[in-house]
Amino acid sequence: MTQKPNPLSSIKVNGPIPAHLARSVIEETLRAAILDGRLPCGIALRQQDLADLFGVSRMPVREALRQLEAQSLLNVIAHKGAVVAPLVQGDAAETYALRILLESEALRLSVPLLEASDLEQAVRYIDELETETDYSKIGRLNRLFHMSLYSKAPNQRLLKLIDEALNEEERFLRFNLQAMGLGKLSQEDHRALLRAAENRDVETSMNLLVHHLNRGVEVMTRYLASPEAQNRKALK
Ligand code: NI
(Lines give C-alpha, C1' and ligand atoms only; values in the text may rest on other atoms or scores of the structure.)
Protein backbone atom coordinates (compact mmCIF):
# COMPACT_ATOMS: atom_id res chain seq x y z
CA MET A 1 0.00 0.00 0.00
CA THR A 2 1.26 3.45 -0.83
CA GLN A 3 1.28 6.16 1.80
CA LYS A 4 -1.18 8.98 1.09
CA PRO A 5 0.49 12.41 0.94
CA ASN A 6 -0.04 14.32 4.16
CA PRO A 7 -2.51 17.17 3.38
CA LEU A 8 -0.95 19.29 6.10
CA SER A 9 2.34 19.37 4.15
CA SER A 10 0.82 22.11 1.94
CA ILE A 11 0.53 24.42 4.96
CA LYS A 12 3.43 26.70 5.74
CA VAL A 13 3.86 28.03 9.25
CA ASN A 14 6.13 31.05 9.71
CA GLY A 15 8.14 30.89 12.88
CA PRO A 16 6.86 30.61 16.44
CA ILE A 17 3.36 32.00 16.95
CA PRO A 18 2.78 34.25 19.98
CA ALA A 19 0.36 32.47 22.34
CA HIS A 20 -2.26 35.24 22.27
CA LEU A 21 -2.45 35.06 18.46
CA ALA A 22 -2.44 31.29 18.17
CA ARG A 23 -6.17 30.73 17.74
CA SER A 24 -6.62 33.41 15.07
CA VAL A 25 -3.47 32.41 13.14
CA ILE A 26 -4.54 28.75 13.08
CA GLU A 27 -8.08 29.67 12.12
CA GLU A 28 -7.01 31.99 9.28
CA THR A 29 -4.40 29.57 7.96
CA LEU A 30 -6.79 26.61 7.90
CA ARG A 31 -9.63 28.68 6.47
CA ALA A 32 -7.43 29.81 3.55
CA ALA A 33 -6.30 26.23 2.89
CA ILE A 34 -9.90 24.93 2.91
CA LEU A 35 -11.10 27.73 0.64
CA ASP A 36 -8.39 27.24 -1.98
CA GLY A 37 -8.67 23.46 -1.93
CA ARG A 38 -5.30 22.54 -0.37
CA LEU A 39 -7.34 20.83 2.34
CA PRO A 40 -9.94 18.97 0.26
CA CYS A 41 -13.43 17.88 1.34
CA GLY A 42 -13.51 14.82 3.56
CA ILE A 43 -9.98 15.22 4.98
CA ALA A 44 -9.85 14.66 8.75
CA LEU A 45 -7.77 17.14 10.76
CA ARG A 46 -6.26 15.71 13.93
CA GLN A 47 -5.82 18.13 16.83
CA GLN A 48 -2.42 16.74 17.79
CA ASP A 49 -1.08 16.98 14.20
CA LEU A 50 -2.19 20.60 14.05
CA ALA A 51 -0.72 21.39 17.46
CA ASP A 52 2.61 19.93 16.29
CA LEU A 53 2.46 21.78 12.98
CA PHE A 54 1.79 25.17 14.57
CA GLY A 55 4.00 24.50 17.59
CA VAL A 56 1.23 25.21 20.09
CA SER A 57 -0.84 23.33 22.66
CA ARG A 58 -4.11 21.66 21.69
CA MET A 59 -6.27 24.33 23.31
CA PRO A 60 -5.96 27.05 20.62
CA VAL A 61 -6.27 24.32 17.97
CA ARG A 62 -9.55 23.18 19.49
CA GLU A 63 -10.84 26.76 19.60
CA ALA A 64 -9.86 27.41 15.98
CA LEU A 65 -11.58 24.20 14.86
CA ARG A 66 -14.72 25.25 16.72
CA GLN A 67 -14.72 28.60 14.85
CA LEU A 68 -14.32 26.85 11.51
CA GLU A 69 -17.14 24.50 12.40
CA ALA A 70 -19.37 27.49 13.15
CA GLN A 71 -18.52 28.79 9.66
CA SER A 72 -19.64 25.46 8.14
CA LEU A 73 -16.13 24.74 6.84
CA LEU A 74 -15.67 21.71 9.12
CA ASN A 75 -17.94 19.06 10.55
CA VAL A 76 -17.07 17.37 13.83
CA ILE A 77 -17.77 13.67 13.40
CA ALA A 78 -17.63 11.09 16.21
CA HIS A 79 -14.43 8.98 16.17
CA LYS A 80 -13.09 10.93 13.18
CA GLY A 81 -12.72 14.40 14.62
CA ALA A 82 -12.87 17.56 12.49
CA VAL A 83 -13.49 16.77 8.83
CA VAL A 84 -13.40 19.33 6.02
CA ALA A 85 -17.05 19.85 5.04
CA PRO A 86 -18.50 18.92 1.67
CA LEU A 87 -19.02 21.82 -0.74
CA VAL A 88 -22.78 21.74 -0.41
CA GLN A 89 -24.05 20.83 3.02
CA GLY A 90 -27.25 18.85 2.89
CA ASP A 91 -29.91 19.73 0.40
CA ALA A 92 -29.22 22.69 -1.91
CA ALA A 93 -32.95 23.43 -2.23
CA GLU A 94 -33.36 23.65 1.55
CA THR A 95 -30.28 25.84 1.84
CA TYR A 96 -31.66 28.26 -0.74
CA ALA A 97 -35.14 28.24 0.81
CA LEU A 98 -33.57 29.49 4.05
CA ARG A 99 -31.43 32.01 2.22
CA ILE A 100 -34.51 33.45 0.54
CA LEU A 101 -36.17 33.98 3.93
CA LEU A 102 -33.10 35.53 5.56
CA GLU A 103 -31.93 37.66 2.66
CA SER A 104 -35.39 39.02 1.80
CA GLU A 105 -35.77 40.16 5.38
CA ALA A 106 -32.32 41.78 5.41
CA LEU A 107 -33.08 43.53 2.13
CA ARG A 108 -36.45 44.77 3.44
CA LEU A 109 -34.77 46.26 6.51
CA SER A 110 -31.74 47.62 4.68
CA VAL A 111 -33.07 49.22 1.46
CA PRO A 112 -34.73 52.23 3.14
CA LEU A 113 -31.52 52.91 5.09
CA LEU A 114 -28.95 52.51 2.29
CA GLU A 115 -26.71 55.51 1.75
CA ALA A 116 -25.34 56.80 -1.54
CA SER A 117 -21.95 55.31 -0.69
CA ASP A 118 -23.46 51.82 -0.21
CA LEU A 119 -25.13 52.02 -3.62
CA GLU A 120 -21.92 53.28 -5.26
CA GLN A 121 -20.05 50.37 -3.74
CA ALA A 122 -22.67 47.94 -5.09
CA VAL A 123 -22.23 49.47 -8.59
CA ARG A 124 -18.47 48.92 -8.36
CA TYR A 125 -18.96 45.23 -7.49
CA ILE A 126 -21.29 44.79 -10.47
CA ASP A 127 -18.77 46.49 -12.76
CA GLU A 128 -15.98 44.25 -11.45
CA LEU A 129 -18.16 41.17 -11.95
CA GLU A 130 -18.62 42.25 -15.58
CA THR A 131 -14.91 41.95 -16.38
CA GLU A 132 -13.68 39.38 -13.84
CA THR A 133 -12.77 36.04 -15.40
CA ASP A 134 -11.13 34.38 -12.39
CA TYR A 135 -13.76 31.99 -11.02
CA SER A 136 -12.42 32.18 -7.49
CA LYS A 137 -12.99 35.96 -7.52
CA ILE A 138 -16.45 35.91 -9.11
CA GLY A 139 -17.94 34.13 -6.09
CA ARG A 140 -16.37 36.67 -3.77
CA LEU A 141 -17.68 39.65 -5.76
CA ASN A 142 -21.16 38.12 -5.83
CA ARG A 143 -21.07 37.77 -2.03
CA LEU A 144 -19.85 41.35 -1.54
CA PHE A 145 -22.49 42.74 -3.92
CA HIS A 146 -25.28 41.01 -2.03
CA MET A 147 -23.90 42.02 1.38
CA SER A 148 -23.63 45.66 0.28
CA LEU A 149 -27.41 45.72 -0.30
CA TYR A 150 -28.15 44.09 3.08
CA SER A 151 -25.52 45.96 5.04
CA LYS A 152 -27.80 48.55 6.66
CA ALA A 153 -30.14 45.97 8.21
CA PRO A 154 -29.88 46.71 11.94
CA ASN A 155 -30.07 43.03 12.98
CA GLN A 156 -26.43 41.96 13.26
CA ARG A 157 -27.24 38.31 13.97
CA LEU A 158 -29.30 38.14 10.80
CA LEU A 159 -26.36 39.59 8.83
CA LYS A 160 -23.97 37.08 10.40
CA LEU A 161 -26.15 34.12 9.37
CA ILE A 162 -26.38 35.47 5.84
CA ASP A 163 -22.65 36.07 5.65
CA GLU A 164 -21.99 32.44 6.64
CA ALA A 165 -24.39 31.13 3.99
CA LEU A 166 -22.80 33.35 1.35
CA ASN A 167 -19.33 32.15 2.36
CA GLU A 168 -20.48 28.57 1.88
CA GLU A 169 -21.83 29.46 -1.56
CA GLU A 170 -18.61 31.28 -2.45
CA ARG A 171 -16.62 28.16 -1.64
CA PHE A 172 -18.92 26.04 -3.78
CA LEU A 173 -18.76 28.46 -6.72
CA ARG A 174 -14.98 28.64 -6.55
CA PHE A 175 -14.79 24.96 -7.48
CA ASN A 176 -17.87 24.57 -9.68
CA LEU A 177 -18.82 27.86 -11.35
CA GLN A 178 -16.94 27.19 -14.57
CA ALA A 179 -18.64 23.81 -15.01
CA MET A 180 -22.03 25.28 -14.09
CA GLY A 181 -21.98 27.86 -16.86
CA LEU A 182 -24.00 30.50 -14.97
CA GLY A 183 -22.29 33.23 -16.95
CA LYS A 184 -23.81 36.66 -17.38
CA LEU A 185 -27.32 35.52 -16.57
CA SER A 186 -27.17 36.67 -12.97
CA GLN A 187 -25.70 40.05 -13.89
CA GLU A 188 -29.05 41.18 -15.32
CA ASP A 189 -30.65 40.17 -12.01
CA HIS A 190 -28.00 42.09 -10.10
CA ARG A 191 -28.55 45.29 -12.12
CA ALA A 192 -32.33 45.10 -11.74
CA LEU A 193 -31.94 44.51 -8.01
CA LEU A 194 -29.67 47.50 -7.67
CA ARG A 195 -32.07 49.74 -9.62
CA ALA A 196 -34.95 48.79 -7.32
CA ALA A 197 -32.77 49.51 -4.28
CA GLU A 198 -31.76 52.90 -5.73
CA ASN A 199 -35.47 53.69 -6.18
CA ARG A 200 -36.13 52.58 -2.57
CA ASP A 201 -38.66 50.18 -4.01
CA VAL A 202 -38.62 47.57 -1.24
CA GLU A 203 -41.30 45.32 -2.71
CA THR A 204 -39.80 45.11 -6.21
CA SER A 205 -36.30 44.56 -4.81
CA MET A 206 -37.58 41.67 -2.65
CA ASN A 207 -39.38 40.09 -5.62
CA LEU A 208 -36.25 40.37 -7.76
CA LEU A 209 -34.11 38.81 -5.04
CA VAL A 210 -36.48 35.84 -4.66
CA HIS A 211 -36.42 35.36 -8.43
CA HIS A 212 -32.59 35.60 -8.48
CA LEU A 213 -32.12 33.04 -5.69
CA ASN A 214 -34.72 30.68 -7.15
CA ARG A 215 -32.87 30.79 -10.44
CA GLY A 216 -29.67 30.01 -8.51
CA VAL A 217 -31.17 26.94 -6.88
CA GLU A 218 -32.52 25.70 -10.23
CA VAL A 219 -29.12 25.97 -11.89
CA MET A 220 -27.37 24.39 -8.92
CA THR A 221 -29.83 21.50 -8.56
CA ARG A 222 -29.63 20.74 -12.28
CA TYR A 223 -25.84 20.93 -12.14
CA LEU A 224 -25.51 18.68 -9.07
CA ALA A 225 -27.66 16.02 -10.79
CA SER A 226 -25.62 16.16 -14.00
CA PRO A 227 -23.10 13.43 -14.88
CA GLU A 228 -20.36 16.06 -14.93
CA ALA A 229 -20.94 17.05 -11.30
CA GLN A 230 -21.08 13.38 -10.28
CA ASN A 231 -17.73 12.78 -11.99
CA ARG A 232 -16.17 15.79 -10.29
CA LYS A 233 -17.37 14.51 -6.94
CA ALA A 234 -15.76 11.16 -7.65
CA LEU A 235 -12.44 12.87 -8.38
CA LYS A 236 -12.34 14.71 -5.07
NI1 NI B 1 -26.15 37.04 -6.97
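This structure is a prediction, so every number in the text was calculated from the model and none was measured. In listed order, ligands and their atoms are each counted from 1.
Taking 4.5 Å as the limit, every side-chain heavy atom of Thr204 sits out of range of all side-chain heavy atoms of Arg195. Side-chain contact between Val83 and Ile43: absent, with no pair of heavy atoms (C-beta onward) separated by less than 4.5 Å.
For the pair Asn155 (side chain) and Arg157 (backbone), a donor-acceptor distance under 3.5 Å is present.
Hydrophobic cluster of Val76: no remaining members, since no ILVMFWY side chain lies below 4.5 Å from it.
Protein nitrogen, oxygen and sulfur atoms, that is N, O or S, within less than 2.8 Å of the Ni ion (ligand 1) amount to 4.
Looking at residues two or more places apart in sequence or on another chain, you find a side chain to side chain contact (heavy atoms under 4.5 Å, CB included) between Arg38 and Ser10, Ile11, Ala32, Ala33, Asp36.
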Please tabulate, one pair per line, all N/O donor-acceptor pairs under 3.5 Å involving side-chain atoms of residues 110-118, not counting sequence neighbours.
unit_1: Ser110; atom_1: OG; unit_2: Leu149; atom_2: O; d: 2.7
unit_1: Ser110; atom_1: OG; unit_2: Tyr150; atom_2: O; d: 3.4
unit_1: Ser110; atom_1: OG; unit_2: Lys152; atom_2: N; d: 3.0
unit_1: Asp118; atom_1: OD1; unit_2: Lys152; atom_2: NZ; d: 3.2
unit_1: Asp118; atom_1: OD2; unit_2: Glu115; atom_2: N; d: 2.9
unit_1: Asp118; atom_1: OD2; unit_2: Lys152; atom_2: NZ; d: 3.0

